[in-house]
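Scroll down for the structure; my scribbles are underneath it.
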There are 2 protein chains.
Amino acid sequence: MNTASADEPRWLSDEEQRTWRAFMHATTLLEDHLDRQLQRDAGMPHIYYGLLVQLVEAPRRRLRMTELAMRAKITRSRLSHAIARLEKNGWVRREDCPSDKRGQFAVLTDEGYAVLERVAPGHVAAVRQALFDRLTPEQQKALGEAMQLIAEGLQPEGAGADLPWLR
Amino acid sequence: MNTASADEPRWLSDEEQRTWRAFMHATTLLEDHLDRQLQRDAGMPHIYYGLLVQLVEAPRRRLRMTELAMRAKITRSRLSHAIARLEKNGWVRREDCPSDKRGQFAVLTDEGYAVLERVAPGHVAAVRQALFDRLTPEQQKALGEAMQLIAEGLQPEGAGADLPWLR
DNA sequence: TCAGAAAGCTTGATACTTCAAGCAAAGCGA
DNA sequence: TCGCTTTGCTTGAAGTATCAAGCTTTCTGA
């Protein structure tokens, strides 16, 4: 009827295996490294730091919860918990959305801004040391392009296609 | 005395920013994707699956805890908890090391092997679809090389340099 | 051969993530 | 304007991660 290869999954070649393992090793080691660095210097994990960064870059240092979740690539649930924690630290505050009573803004506080200011240099240094300092500009470019393609393929369908707040 | 740039951290350029964000987005989306896929099909997170894979590739389907932790790039503590969980599932069993009474082997059981057999095709397919199917061979090669370099830089000093069990 | 240091692994507490379920407000068709 | 669906966000429980502390066994050097 058909050849064996029809049911047999296409296993990874040796070369693909190496690529895939290098990928996993690099990403787990790097995430761990940054998590530790930020936990030590800022008392929060890498992803929480990323939330503060998103906020500081947003107009009026605030973002709707859903929008923030999308930008940070995490679920709303996870974001709710995370913001609750950051709120306890006094680094973020919630504000009601005037035009939609269901809505909430996450707002970066002055304390939050101060933490960012204090911690950002060390974080950038860590990223440089782990990533950019080890790659030639060509390698950086290639890496960025590959990652861009991978991210696009995994993006939830039409993510951010029509957020009302973005007009 | 010195120029401003001496204290001012070297922030990321726009291009570097893009690379770095693509990196983070791709890695978080991919990890989430694989975690969900495996949680759904195998009832375990991606990293636990990786432990089983390490075991199935090892001679006699067993590995010392420390060795396994190193290969999987996780701490011993994390591994202890993980193996405890996998043991509950009946997929792994612990065995005392005869030559070192402190030592433990993690051993893949037949049930564990069966799970792997059942689940591996879907997992490979997911990895292909998310990563390899989207990249040209050149891009794959470049990605692998970059990741290799990054991983090397983050590897704990002389990791695995002298494990007695490896002679 | 013996004391102290190191290795191998585990434990428990606390923090974080995930999932499913839930509530309230907004949108929408009849 | 009424009922139903969708959207926005939160909650609680269960699973997993991390850190520091701990136990036992082995190694080391005097």
Side-chain angles (χ1 to χ4, degrees), chain A residues 28 31-40 42-51 63-70 72-89 92 94-106 156 159-165, chain B residues 28 31-40 42-51 63-70 72-89 92 94-106 156 158-166:
Chain A
T28 65
E31 256 305 292
D32 275 21
H33 183 65
L34 296 180
D35 265 340
R36 271 182 236 291
Q37 189 256 323
L38 281 168
Q39 194 68 57
R40 177 166 50 76
M44 67 186 144
H46 184 203
I47 189 134
Y48 286 33
Y49 175 86
L51 296 176
L63 240 25
R64 288 287 293 270
M65 293 295 279
T66 297
E67 171 78 8
L68 180 50
M70 269 174 166
K73 263 77 190 166
I74 62 176
T75 63
R76 298 173 202 207
S77 171
R78 189 175 177 184
L79 180 63
S80 268
H81 289 296
I83 292 295
R85 196 274 216 186
L86 292 172
E87 219 173 0
K88 262 190 200 164
N89 285 277
V92 168
R94 280 182 229 245
E95 259 182 45
D96 292 342
C97 175
S99 62
D100 185 340
K101 285 176 187 167
R102 297 166 304 180
Q104 289 279 105
F105 283 103
D162 37 44
L163 276 317
W165 329 299
Chain B
T28 64
E31 256 305 293
D32 275 21
H33 184 64
L34 295 180
D35 265 339
R36 272 182 236 291
Q37 189 255 323
L38 281 168
Q39 194 69 57
R40 177 166 49 74
M44 65 185 147
H46 184 204
I47 191 136
Y48 287 32
Y49 175 86
L51 297 176
L63 240 26
R64 287 285 294 270
M65 294 293 279
T66 297
E67 170 78 8
L68 179 49
M70 268 175 168
K73 265 76 191 167
I74 62 176
T75 63
R76 297 173 204 210
S77 170
R78 187 174 176 183
L79 180 63
S80 267
H81 289 296
I83 292 294
R85 197 276 216 184
L86 291 171
E87 221 173 359
K88 263 190 199 161
N89 285 275
V92 168
R94 278 183 229 244
E95 259 182 44
D96 291 342
C97 175
S99 62
D100 184 339
K101 285 176 186 165
R102 296 166 305 179
Q104 289 278 107
F105 283 103
D162 38 41
L163 275 319
W165 330 298
L166 303 178

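Letters A, B, ... mirror the listed sequences (proteins, then strands); counts begin at 1.
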To the nearest Å, how far apart are Glu87(B) CD and dT10(C) C1'? 12 Å

Phosphate-side-chain proximity, Arg102(B) and dA6(C), N/O vs OP1/OP2 below 4.0 Å: no

From Tyr49(A) atom OH to Asp35(A) atom CG, the distance as rounded to the nearest 0.5 Å: 13.0 Å

Phosphate-side-chain proximity, Arg40(A) and dC19(D), N/O vs OP1/OP2 below 4.0 Å: no

Among residues at least two apart in sequence or on other chains, which ones pass ring-ring contact (aromatic ring centres under 6.0 Å, His included) with His46(B)? His123(B)

When Ser99(B) and Gln104(A) are each assigned the nearest nucleotide of DNA chain D, the 5'-most assignment goes to Gln104(A)

Short side-chain N/O contact to dC16(C) OP1/OP2 from Arg85(A), under 4.0 Å: yes

Rounded distance (Å) that lies between atom P of dT25(D) and atom CG of Asp96(B): 11 Å

Glu67(B) CD - dC9(C) P separation (whole Å): 10 Å

From the list Arg94(B), Met70(B), Arg76(B), side-chain contact (heavy atoms from CB on, under 4.5 Å) with Met65(B) holds only for Arg94(B)

From the candidates dT10(C), dA25(C), dT25(D), the one with an atom nearest any side-chain atom of Asp100(A) is dA25(C)

Starting from the first five and the last five pairs of the helix from dT1(C)-dA30(D) to dA30(C)-dT1(D), work out the angle between the resulting helix axes, to 10 degrees. 30°

Separation of Asp32(B) CG from Lys73(A) NZ (nearest 0.5 Å): 11.5 Å

Rounded to whole Å, CG of Leu38(A) lies from C1' of dC19(D) at a distance of 17 Å

Whole angstrom value for the distance that separates C1' of dG8(D) from CD1 of Ile83(A): 14 Å

Do the non-hydrogen side-chain atoms of Glu31(B) and Thr28(A) ever get within less than 4.5 Å of each other? no

To the nearest 0.5 angstrom, please state how far the CG atom of Asp96(A) sits from the NZ atom of Lys101(A). 10.5 Å

Result for 5'-nearest mapping on DNA chain D, choosing between Gly43(B) and Phe105(A), is Phe105(A)

Please determine if a side-chain N or O atom of Arg64(B) lies less than 4.0 Å away from the OP1 or OP2 oxygen of dC9(C). yes

Taken to the nearest whole Å, CE/Met65(A) to C1'/dA25(C) is 17 Å

Heavy-atom check, side chain of Ile47(B) versus side chain of Arg78(B), under 4.5 Å: yes

Would you check if Arg64(A) and Asp100(A) make a side-chain contact, meaning some heavy-atom pair closer than 4.5 Å? yes

Provide, to the nearest angstrom, the distance between the CG atom belonging to Leu68(A) and the P atom belonging to dT10(D). 11 Å

Validation row: Leu51(B), Val92(B) side chains within 4.5 angstrom (heavy atoms): no

I'd like to compare against my own output: the B/S/- annotation of nucleotides 17-22 of chain C with a strict under-4.0 Å heavy-atom distance to protein. SBBB--

Spacing of CG belonging to Leu79(B) relative to NE2 belonging to His81(B), to within rounding of 0.5 Å: 10.0 Å

What integer distance in Å separates Arg76(B):CZ from dG22(D):P? 18 Å

